Each structure stands twice: as structure tokens, then as C-alpha cells.
Amino acid sequence: MVEGSMTQGAGQGPAARHTAAIPPFPGYAAPPPMPPYGQAAPPVQPPMEAPEGYTPTERDLPVIGRPAVPEDMPTVELTPIAEHHAHVPAPPPGPGPLFVVGDVHGYLDELRAALAAQGLIDANGSWCAGNTRLWFLGDFTDRGPDGVGVIDLVMRLSAEAAAAGGYCKALMGNHELLLIGAKRFADTPVNSGAGTASFQAAWLLNGGQRTDMERLEDHHLQWMSRLDAMAHEDGHLLVHSDTTAYLDFGDSIEDVNDAVTEALQRNDPDEVWDLFRKFTKRFAFRDEAGAMAARELLDTYGGGRLVHGHSPIPYLLGEVGTEEADDEERGTPVIDGPHLYADGLALAMDGGVTMAGKLLVVQLPLTG
């Protein structure tokens, strides 16, 4: 090879030589150059036609165009979009089913089993119920072995249910008030109405577990302190205690909830004790005047049926005495489900898990 045989002269680069190697068809004339900026453009020339007998080559065809469809190309039937989506099940309209849970009192294993039996949590204890609504009626701690574990589970399920389009909420029970008072005020004397007392002593007397107190943290206290005292769902008035003492705090659900929250924020031991004392009252709907008392609450706060925990069903049925009775006096209650009473106006949900009863998780409204 002769040295320098691959060199190119000025203006003879690859692009220039490639362009020159493709001659235009006969009769082709290059368009006039564009005039300098500011001068009039030359008149538009009519489209140039190819000479007679000339067959256009591929390079003369338009660059952009829709190719012709071969006659033997098979056709594909497309499903209309509306018809396709008609086969996709639509999400259920409105809120999901409503469940309520009675008093738990630290029985974490029993709670997990009851929630799983209703299809609300999976084998790992995680929420699997979609847009279901779940209400706990209060009393998470005391008497049972793992009250703080119960609180942790309810708090976690609240977040998981909300992410799935449902919710898990809880009401304030008298044992939440007792635990808050024991943590905040300890042995500070309070006026109990029957002499001097303290939250610490009352908490221990009512089944307080020292392991719960050791594990209780600020976020547990903050969560409990913000719980509502009552709620209305699907015609049901949800409360913790079977008492008319709620009437002392306002004429609407919002007023009652605000009054309880504000009392806890003021952090006065006597005021918190008064809350605890009133929420501890029971049996307002059990006797002859029970239906009238239940109707008073329903007329004031709305709803067609009152749903509560607090008083174990065996007590309401008269099968045993009170929580202060000896084990021999209590016997072994057999509870299969909630107790409807007071002319059908009150539904009791505490199955007596602390006394060999059942931890109840029930869907409302009742179907049986």
C-alpha cells in the first residue's frame, strides 16, 4: 500500500464523498439557497414531478409513512376496554364489616386466637381484614399476664388496618384510667369518697401487674390518654362501662370525649380519680329500670343499641357475685357469646376471660 493513500483532501470527508456517490434522479435540480436574514425568501416552486418512465427508488420514498398491511395478515379480535374492566371485581362500596372486642385484661394469646378465628389477623398476627372496622371496648391491662403486649398489638393493628383501608380503634376503659393514674401519681393521696386512697394501691388491688408497669413507656401513656370514651357506629352506641355516668360529662359524644381528654391533660390526681370512680360503676341496665336507663343514653347520644364491656356477663346473669368474691363462690362460667338484655337495648361484651370465660370478638349487628 502506498503511504498516504487513505488521506482525504479538503472537503472530501466521508460525508461529502457519501453524498456525492448517490446521484439524484434525472432532471433533479437542487433548491435555491436560503437568502440572508432580513431578505425576502424566493417564491415557492411547484412540486417537481419525476420524468416520464422513471421508477422511484427506495431513497425517493417518504421517510414517514404507514406501511401497507399484507392481505394475508391474520386479524386479532380486541376486547373493548369497558368490557374488559367489567370482568374485574369492583371494591366493595362503603365501609367494611364492623367488629367489637370485649375486655382483654392482658390475655394476649387469647386475643390473638380470637382475632384469628374471625379472620382479622393472619398467622403472623398482622392485619388481613382489608377495610374491616374493629373497635376495642377498653380494659387492655391488669389481671392478665401481658397488658403492655396487648396495647402494642392494638397500636400496631391500628396502623396496619388504616393502611389497608379499614381501621382499628379503641375506647377508654376504667383500667386505662387506673394505669395512667398509677404511673403518673403513684402513692399521691386522693379523696376517694370513702377515705384517703392512692392510684398505686387501687391498681394493685384491681389486678395491676408489676411487669406491665416496668414495661410501660411514654408512647403507651400518650396513646391511652387520647382514647375516646364513647363512639357511634352503624346504629350502635359503643361505651366501655354499663353506667349512666357518661351523662355527667356532656350531652353529645363529642362533648363527653373532649371532657375526658381535657381532664387527663390537666393532670390533677383528684380529677382523674373522679373519672376512674365514675367509669367503674356498673349494672345500670341490669335490673327492672335497666331498659329505661339504656334508653336515656341512646336518646341523648344516638343509636338503637348500646354495646358495652366492663361487667362480665356471668355477673349480669347472676351466676356469680362480684369480682371481689372468692374463686369458690364464682364457679366456672360458660359463655358462648355476647349477652343481649334490657329489652334488647344493651349488649354486653365482657365474656369473663379473667375468670375462665371467653374473650369475645363479635361482628355487629348480631345475626342470630
Side-chain angles (χ1 to χ4, degrees), residues 89-105 107-140 150 153-171 173 227-228 230-242 253 285 294 298 301-314 316-317 333-353 357-368:
L98 173 65
F99 286 80
V100 291
V101 184
D103 300 36
V104 182
H105 282 300
Y107 286 85
L108 179 60
D109 291 341
E110 288 80 355
L111 174 60
R112 288 178 180 271
L115 294 173
Q118 292 287 4
L120 301 176
I121 63 173
D122 59 22
N124 297 320
S126 299
W127 182 265
C128 64
N131 66 344
T132 294
R133 298 166 292 160
L134 179 63
W135 274 97
F136 285 81
L137 299 181
D139 278 9
F140 302 106
V150 171
L153 175 62
V154 176
M155 292 176 66
R156 177 170 59 79
L157 291 180
S158 297
E160 293 175 355
Y167 59 71
C168 171
K169 298 183 180 181
L171 294 181
L227 295 176
D228 286 338
M230 59 196 326
H232 184 275
E233 289 284 355
D234 296 356
H236 298 87
L237 180 63
L238 309 180
V239 296
H240 171 70
S241 304
D242 47 329
I253 291 176
F285 319 122
L298 293 171
Y301 302 116
R305 177 173 290 168
L306 190 147
V307 182
H308 70 83
H310 188 49
S311 291
I313 294 172
L316 295 171
L317 296 176
V334 178
I335 302 300
D336 295 324
H339 173 49
L340 186 63
Y341 68 114
D343 293 345
L345 296 178
L347 184 70
M349 281 292 302
D350 185 350
V353 67
K358 186 176 183 180
L359 202 163
L360 298 179
V361 178
V362 176
Q363 183 174 355
L364 298 180
L366 297 180
T367 58

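Note that the structure is predicted; figures quoted are calculated from it, not measured. Heavy-atom basis, side chains included; hydrogens, waters and symmetry copies ignored.
- Although no hydrogens or angles enter the test, the distance criterion places a donor-acceptor pair under 3.5 Å between the side chain of Asp122 and the main chain of Asn124.
- The two residues Gly352 and Pro312 come nearest to each other via the heavy atoms CA-CB, 4.2 Å.
- Using a 4.5 Å cut-off on side-chain heavy atoms (C-beta onward), Leu237 and Ile253 make contact.
- Residues Val361 and Phe99 are in side-chain contact: their nearest non-hydrogen atoms beyond the backbone lie under 4.5 Å apart.
- Using a 30° and 60° split on the angle between ring planes, His308 and Tyr341 fall in the perpendicular class, above 60°.
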Review point. Would Leu360 and Val100 satisfy side-chain contact (heavy atoms from CB on, under 4.5 Å), going step by step from the backbone distance to the final call?
Key: CA-CA 8 Å; Leu360 298 179; Val100 291; over 6 Å; no
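- Across Cys168 and Ala161, no two heavy atoms sit closer than the pair N-CB, 3.8 Å.
- Residues Leu347 and Val362 fail the side-chain proximity criterion, which asks for heavy atoms closer than 4.5 Å.
- Smallest separation of non-hydrogen atoms from Gly119 and Cys128: O-SG, 3.6 Å.
- Side-chain contact between Leu134 and Trp127 is present, with at least one heavy-atom pair separated by less than 4.5 Å.
- One finds the OG atom of Ser241 at 10.0 Å from the CG atom of Leu171 (value rounded to the nearest 0.5 Å).
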**Study point:** side-chain contact (heavy atoms from CB on, under 4.5 Å) between Phe136 and Val150, intermediate numbers included
**Key:** CA-CA 11 Å; Phe136 285 81; Val150 171; 5.7 Å; no
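- Pro338 and Met349 get closest at one heavy-atom pair: CB-SD, 3.8 Å.
- Checked by atom type and distance alone, the side chain of Glu110 never pairs as donor or acceptor with a backbone atom of Leu359 at under 3.5 Å.
- The residues Arg133 and Asp234 are annotated as salt-bridged, a charged nitrogen and a carboxylate oxygen being separated by less than 4.0 angstrom.
- Using a 4.5 Å heavy-atom threshold, the side chains of Pro365 and His236 count as touching.
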Exercise for review: Check the pair Leu316 / Asp242 against side-chain contact (heavy atoms from CB on, under 4.5 Å), numbers first and verdict last.
Suggested key: CA-CA 10 Å; Leu316 295 171; Asp242 47 329; 3.9 Å; yes
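- No side-chain heavy atom of Val353 sits under 4.5 Å from any side-chain heavy atom of Asp103.
- Judged by distance alone, with hydrogens and angles left aside, the side-chain atoms of Gln363 form no donor-acceptor pair with the main-chain N or O of Pro97 at under 3.5 Å.
- With hydrogens and angles disregarded, no donor-acceptor distance shorter than 3.5 Å links the side chain of Asp350 to the backbone of Gly102.
- The closest donor-acceptor contact from the side chain of Thr132 to the backbone of Gly96 lies at 3.5 Å or more, if one exists at all.
- Atoms CG and NE2, from Leu298 and His232 in turn, are 8.5 Å apart once rounded to the nearest 0.5 Å.
- The closest side-chain heavy-atom distance from Val154 to Val104 is not below 4.5 Å.
- Atom OG of Ser126 and atom CG of Leu120 lie 13.0 Å apart (nearest 0.5 Å).
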Check your understanding: Between Arg305 and Leu340, does a side-chain contact (heavy atoms from CB on, under 4.5 Å) hold up when you go through it step by step?
Key -> CA-CA 10 Å; Arg305 177 173 290 168; Leu340 186 63; 3.5 Å; yes
